[in-house]
Amino acid sequence: MSASSREMGPSLTPEILSHLGLANKTAAWGTLGTLRTFLSFSVDKDVQRLLKAITGQGVDRGAIVDVLTNRSREQRQLISRAFQERTQQDLLKSLQAALSGNLEKIVVALLQPAAQFDAQELRTALKASDSAEDVTMEILATRTPPRLQECLAAYGHHFQVEAEDDIKSKTSGILRDLLLALAKGGRESYSGIIDYNLAEQDVQALRQDEGRSTQGPWVLILTQRNPKHLTRVFEQYQRRTGQELEEAVRTRFRGDARAALLSLASVIRNTPLYFADKLHRALQESEPNYQVLMRILISRSETDLLSIRAEFKKKFGKSLYSSLQDAVTGDCRSALLALCRAEDI
């Protein structure tokens with residue numbers, strides 16, 4: 001190392017580290033999931049342990065939770081196939097017969113392929129009018145393009161109808177346009193080049209549109225531009241107007257359209273914080289919303305749950321792990337805590 005490099009190191013290191021915050025720099029650190037590939041994985045041992053857990057005297061729920069929450073989704077799929085080959089029984093059906101309630105739901109979700117799990121959640125949301133906007137927006141806006149395409153393919157295969165057709169029949173107006181645009185998976189990828197002119201054009205387009213039309217710049221810009229570009233648009237919008245873009249949404253839109261646009265803006269600004277807020281709301285209900293807790297903890301356990309935990313602790317002053325401990329009861333408690341993984345000091 002040259003003398004100049006040695007001199008530069010100490011002064012640059014703090015600056016570099018300051019830009020690598022745990023909550024919003026996932027790519028810089030690799031996976032920020034709480035659940036990773038189990039290095040001492042033995043499919044035969046896991047099959048035997050699960051078989052013993054459901055055929056012994058009484059169901060060993062602890063053993064089932066321990067195996068399934070300490071293996072990656074890919075490893076769980078290998079266990080399922082091996083279980084079928086060695087016992088001539090379907091692992092999922094065997095566990096469903098042995099379990100019940102929320103723990104059964106968690107185990108089913110853990111053993112499903114990711115695309116099938118997302119497709120089932122999407123279908124359930126679109127069939128329930130009270131959660132169509134919230135859950136559908138979550139899945140369509142936060143899944144990677146490859147995973148989203150797998151989800152939509154699984155949707156069509158399992159339910160014999162395209163997700164887009166259900167979206168059209170269950171929603172309307174700007175909400176429908178937003179969801180259909182997101183379902184196409186056409187968001188631009190970040191090229192590394194900042195297009196200042198396009199950012200300014202987008203700001204002007206959003207300022208001029210009064211929200212009178214369900215077709216317009218709001219849908220196009222928020223569903224097609226890459227998040228890096230949109231962050232700049234949000235910043236410039238506030239500088240030009242003196243208000244955050246979200247405040248403009250609250251002023252110009254109503255009902256489902258307003259809720260959907262605010263959710264999408266939240267995802268774009270800070271996806272881990274978006275999920276932290278959803279988890280907090282689910283825990284604050286008189287009875288915890290186990291479906292929300294399950295869906296988020298399972299779907300984010302191998303991607304960015306550590307980031308979500310960091311945002312949760314920073315905003316609410318209490319760790320997600322402790323919050324789950326205090327609010328969750330029943331036999332699914334150990335599984336949710338295992339997915340969360342650990343306390344944040």
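Because only heavy atoms are used, hydrogens play no part in the values below, and waters and symmetry mates are left out as well, while side chains stay in. Note that the structure is predicted; figures quoted are calculated from it, not measured.
- You'll find the side chain of L103 reaches within 4.5 Å of the side chain of V65, heavy atoms only.
- A salt bridge between K52 and D60 is absent, with no side-chain N of the basic residue lying under 4.0 Å from a carboxylate O of the acidic one.
- One N or O on the side chain of Q77 and one on the backbone of L111 form a donor-acceptor pair closer than 3.5 Å.
- Residues satisfying the ring pair (Phe, Tyr, Trp, His ring centres under 6.0 Å) criterion with Y290, sequence neighbours excluded, are absent altogether.
- For the residue pair Q204/E200, the side-chain donor-acceptor check at 3.5 Å is satisfied.
- The salt bridge (charged side-chain N to carboxylate O under 4.0 Å, His left out) contacts involving residues 281-291 comprise nothing, where partners must be two or more places apart or lie in separate chains.
- One finds no salt bridge joining K313 and D344 here, because no Lys/Arg side-chain nitrogen approaches an Asp/Glu carboxylate oxygen to under 4.0 Å.
- With a 6.0 Å cutoff to the six-membered ring centre and a 45° limit on the axis angle, R71 counts as a cation-pi contact of F38.
- Residues forming a ring pair (Phe, Tyr, Trp, His ring centres under 6.0 Å) with F312 (at least two apart in sequence, or on another chain): H280, F316.
- For E164, the side chain to side chain contact (heavy atoms under 4.5 Å, CB included) partners two or more places apart in sequence, or in a different chain, are L180, A183, K184.
- With sequence neighbours left out, the side chain to side chain donor-acceptor pair (under 3.5 Å) criterion links D44 to R86.
- Note on E247 versus R250: salt bridge recorded, some NZ/NE/NH1/NH2 to OD/OE distance being below 4.0 Å.
- The hydrophobic cluster around I194 extends to Y190, Y196, counting ILVMFWY residues whose side-chain heavy atoms fall within less than 4.5 Å of a member.
- D166 places none of its side-chain heavy atoms less than 4.5 Å from the side chain of L122.
- The pair K314-E311 meets the salt-bridge criterion, with a side-chain N (NZ, NE, NH1 or NH2) lying under 4.0 Å from an Asp/Glu carboxylate O.
- For residues 96-106, the set of pairs meeting the side chain to side chain donor-acceptor pair (under 3.5 Å) definition, not counting sequence neighbours, is empty.
- Under the 4.5 Å side-chain criterion, counting only non-hydrogen atoms from C-beta, R187 is in contact with L182.
- Here the side chains of D165 and F159 are not in contact, with every heavy-atom distance at 4.5 Å or above.
- Using a 4.5 Å heavy-atom cutoff, the side chains of E150 and D118 are not in contact.
- Minimum heavy-atom separation, R240 to V203: CG-CG1, 4.0 Å.
- Checked against side chain to side chain contact (heavy atoms under 4.5 Å, CB included), S189 has no partners two or more places apart in sequence or in another chain.
- Within the structure, the ring pair (Phe, Tyr, Trp, His ring centres under 6.0 Å) test picks out no pair touching residues 50-69 (sequence neighbours left out).
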Distance-only criterion, 3.5 Å: show the donor-acceptor pairs between side-chain atoms of residues 322-330 and protein atoms not counting sequence neighbours.
unit_1, atom_1, unit_2, atom_2, d
S322, OG, S319, OG, 3.1
S322, OG, E343, OE1, 2.4
S322, OG, E343, OE2, 3.2
S323, OG, S319, O, 2.9
D326, OD2, K318, NZ, 2.4

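- Not a single donor-acceptor pair under 3.5 Å links the side chain of D66 to the backbone N or O of G62.
- With sequence neighbours excluded, the residues satisfying side chain to side chain contact (heavy atoms under 4.5 Å, CB included) with S94 are I54, F83, Q89.
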* Before giving the answer on side chain to side chain contact (heavy atoms under 4.5 Å, CB included), spell out for I139 and E121 the whole-Å C-alpha distance, their side-chain angles and the decisive distance to 0.1 Å. => CA-CA 8 Å; I139 293 174; E121 289 293 291; 3.7 Å; yes
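- In this structure R269 satisfies the side chain to side chain contact (heavy atoms under 4.5 Å, CB included) test together with F234, E244, E246, sequence neighbours excluded.
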